[in-house]
**Q** 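Please read through the structure below; I'll follow up with questions.
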Amino acid sequence: MEDILMRFVTNFFGRLDGPLHFRFIFQPLMAVIFAVIDGRKDALHRKTAYLLTVVTDPAQRKELLKEGWKSFGKIFIMAVILDIVYQLTVHHTIYPGETLLVAFILAILPYIALRGLVNRLIRMFKKH
């Protein structure tokens, strides 16, 4: 397990300046754009923070995850495809776990981190 973690860390940092390194800017930026759009919609409809609601409200979880997937799904799939191309180019093999983790870091993490924050900021500034 430790070998897998070390390989992931080494390979992850190798991606930063290797082929296709532009995706480390482009994909999170796209996730941020969708998070801002969706966070703004949430604020206008007075919805609670996205991640908080997903975690704490089982009744809304499925619908919110479907809604989120519509926003970041294409970015996630693009991240998976680009990482597979990168791995085949550099390592001549595919590490599926690394691919999914990198796609999660580049596409989903920025989205879930910012959607609720944007909602809260817009609602906070609208009060004043």
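Owing to the predicted nature of the structure, the values given are computational and were not obtained by experimental measurement.
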**Q** Please examine the side chains of L101 and F12, heavy atoms only from C-beta on, and report whether any two atoms are closer than 4.5 Å.
**A** no
**Q** Applying a strict under-4.5 Å side-chain criterion to I, L, V, M, F, W and Y, I'd like to know whether W69 and F34 cluster together.
**A**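 W69 clusters together with F34.
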**Q** Going by distance alone, is a donor N or O of one side chain under 3.5 Å from an acceptor N or O of the other, for T93 and Q87?
**A** no
**Q** Nearest 0.5 Å, please: how far is CG in L121 from CG in L114?
**A**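 The distance works out to 9.5 Å.
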**Q** Do I77 and F72 share a hydrophobic cluster (ILVMFWY, side-chain heavy atoms under 4.5 Å, transitive)?
**A**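 I77 and F72: one cluster.
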**Q** Could you tell me the separation between the CG atom of L82 and the CZ atom of F24, rounded to the nearest 0.5 Å?
**A**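 Nearest 0.5 Å value for the CG-CZ distance: 10.5 Å.
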**Q** Enter the distance from I75:CD1 to I33:CD1 here, rounded to the nearest 0.5 Å.
**A** 8.0 Å
**Q** Is it possible for you to say whether F22 and V90 belong to one hydrophobic cluster, with membership spreading through side-chain heavy-atom contacts below 4.5 Å?
**A** yes
**Q** Sort out for me which residue in D42, D57, N119, T53 forms a side-chain hydrogen bond (donor to acceptor under 3.5 Å, both in side chains) with T48.
**A** T53
**Q** Grab the two heavy atoms, one from L51 and one from I112, that are nearest each other, plus how far apart they are.
**A**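 Distance-wise, the nearest heavy atoms are CB-O, 4.2 Å.
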**Q** Can you see which heavy atom on A31 is nearest to which on A107, and at what distance?
**A** CB-O, 3.2 Å
**Q** If two hydrophobic side chains count as joined below 4.5 Å and joins carry through other members, does L100 share a cluster with L109?
**A** yes
**Q** Count the heavy atoms belonging to other residues, nucleotides or ligands that lie under 6.0 Å from CD1 of I25, then report whether that count exceeds 12.
**A**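 Open.
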**Q** Is it true that a side-chain atom of Y95 and a backbone atom of R7 form a donor plus acceptor pair closer than 3.5 Å?
**A** no
**Q** Got a second to check how far T10's OG1 is from L5's CG, nearest 0.5 Å?
**A** 9.0 Å
**Q** For the atom pair OG (S71) and CE (M30), what is the distance rounded to the nearest 0.5 Å?
**A**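 Those atoms lie 10.5 Å apart.
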**Q** Is it the case that one hydrophobic cluster holds both M124 and L117, taking links as side-chain heavy atoms less than 4.5 Å apart, direct or via other members?
**A** yes
**Q** What heavy-atom pair brings I105 and P110 nearest, and what distance separates the two atoms?
**A**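 Looking at all heavy atoms of both residues, the closest pair is O-CD, 3.2 Å.
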**Q** Quick check for you: to the nearest 0.5 Å, what is the distance between I108 atom CD1 and F76 atom CZ?
**A**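 Between atom CD1 of I108 and atom CZ of F76 there are 4.5 Å.
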**Q** Applying salt bridge (charged side-chain N to carboxylate O under 4.0 Å, His left out) as the test, list every pair that has at least one member in residues 67-86; sequence neighbours left out.
**A**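 Every pair satisfying salt bridge (charged side-chain N to carboxylate O under 4.0 Å, His left out) with a residue in residues 67-86: R15-D83, R23-D83, K47-E67, E67-R115.
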